[in-house]
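Note on naming: letters A, B, ... go to the chains in the order of the sequence lines (proteins, then strands), and numbering restarts at 1 for each one.
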Amino acid sequence: MGKPEEEEEEESDPVDTKPECEASCKPRCVKQLLAYEACEKRIEGKEGKHCTGQYFDYWGCIDRCSATKLFRTLK
Amino acid sequence: MGLLGMAGSAYADEAEHGLAAPSYPWANDGWFASYDHAAIRRGHQVYKEVCAACHAMSLIAYRDLIGVAYTELEVKALAAEIEVEDGPNDDGEMFGRPGKPADHLQPPYANEQAARSANGGAYPPDLSLICKARHNGPNYVFALLTGYRDAPAGISVRQGLYYNPYFPGGAIAMPRVINDGGVEFEDGTPATSSQMAKDVTHYLAWAAEPEHDERKLIGAKWICGALLCLYAMGYYKRWKWGPLKSRRIIWDVVN
């Protein structure tokens, strides 16, 4: 929790912990991340191609890893 | 079902179903866990200040919140803040009056057409039952609210829509509305976007299943009673069968 900033006119917004939790899970999902980046490179300039599959694999991995972690930081 | 789809356009099925939401450890998970009522209170505040501008919750009455998130006096005050159309009076006219606990939460738009017209053709669904109306409700709602990300390579959504991997199809008409500091909680909880999303999801879970706490309580009592009955019945059965199971039969030669 932030210190009460009564003298300042603007209080700084609380910082969300979700990006931090997700970043800490990146090492566990490196394989999927590399697959996604390879796909990105592969489809560069090509029409009608997309990397949704690899994107889902990566973010699904990050979600599974960070779900419990995130809730532990919340009230 | 998805195999043919995968043979043709690879993984088109995945975007169609949306990314599966992970299982978050909700306070009310488990056979003996109740809702976190402080979270329901904060969640209602988030709904009122952020979501109610576009989403109705017409099935919830103010008095439903008594004993769940607010006291009776607080609910009376909350209801009185809004104006409700009532009537007709003795002159045959409709009139406005301050709300009462018996009134339902007022929808932001008069009808579906008005809602669609104000939101680019998309209808913001009524949230009263959303957690039961979506597969894996609470997990889905939380993931959706906090899951706005850049689209994957090769995917673009048209102007007016936003990419959200959890939304079936990926292109949702609602922009990200839950942002850090969007609300100021009276209990001092830091209002990060994850906190706000968690609390509003908990509130929506309660709205869809208000009987939840009582159901688990009754279930625990009855299962306990049933186990005791099971023991008693088992004992009684074995007591009755005892003589039969312990008899001796003697085979002898008959001349």
Problem - Charged N-O contact under 4.0 Å between B:R63 and B:E72 - result: no
Handout entry: Lys/Arg-Asp/Glu bridge criterion (N-O < 4.0 Å) met for B:E209, B:R215
Key = yes
Handout entry: Which atoms of A:K49 approach chain B - backbone, side chain, both or neither, heavy atom under 4.5 Å
Key = backbone
Problem - No-hydrogen, no-angle side-chain donor-acceptor test under 3.5 Å, B:D29 and B:Y24 - result: no
Practice task
Decide yes or no on disulfide (SG to SG under 2.5 Å) for A:C25 and A:C65, but give the supporting numbers first.
Solution key: CA-CA 6 Å; A:C25 280; A:C65 165; 2.0 Å; yes
Practice task
Select one option (side chain, backbone, both, neither) describing which atoms of A:E22 are under 4.5 Å from chain B's heavy atoms.
Solution key: side chain
Problem - Donor-acceptor pair, side chain of B:Y35 and main chain of B:V68, under 3.5 angstrom - result: no
Practice task
Identify which part of B:A151 has an atom lying under 4.5 Å from any heavy atom of chain A, answering side chain, backbone, both or neither.
Solution key: backbone
Practice task
First locate atom NZ of A:K31, then atom CG of A:D57, and finally report the distance between them rounded to the nearest 0.5 Å.
Solution key: 9.5 Å
Problem - salt_bridge(B:K48, B:E81) N-O dist < 4.0 Å - result: yes
Problem - Donor-acceptor contact present, side-chain A:K18 to main-chain B:S194, <3.5 Å - result: no
Problem - B:R176 and B:S193: CA distance, side-chain angles, deciding distance, side-chain hydrogen bond (donor to acceptor under 3.5 Å, both in side chains) verdict - result: CA-CA 10 Å; B:R176 188 190 171 117; B:S193 46; 3.2 Å; yes
Exercise for the section: Could you please state which residues from residues 160-175 of chain B sit under 4.5 angstrom from chain A, measuring non-hydrogen atom to non-hydrogen atom, sorted by number, or 'none'? Expected result: B:Y163, B:P165, B:Y166
Fill in the blank from the handout: Most heavy-atom pairs under 4.5 Å with chain A, out of B:K198, B:R149, B:M196, B:Q195, belong to B:R149
Completion exercise
Within residues 199-206 of chain B, the residues sitting under 4.5 Å from chain A by heavy atom, in sequence order, are none
Practice task
List the steps, then state whether ring-ring contact (aromatic ring centres under 6.0 Å, His included) holds for B:H44 with B:Y70.
Solution key: CA-CA 10 Å; B:H44 175 259; B:Y70 300 101; 5.3 Å; yes
Problem - Part of A:Y36 lying under 4.5 Å from any heavy atom of chain B - result: side chain
Problem - Whether B:Q45 side chain and B:E184 backbone form a donor-acceptor pair below 3.5 Å - result: yes
Problem - side chain to side chain contact (heavy atoms under 4.5 Å, CB included) assessment of B:W26 paired with B:D36 - result: CA-CA 9 Å; B:W26 296 101; B:D36 174 1; over 6 Å; no
Handout entry: Interface residue of largest heavy-atom contact number with chain A, from B:G182, B:A21, B:G147, B:P25, under 4.5 Å
Key = B:P25
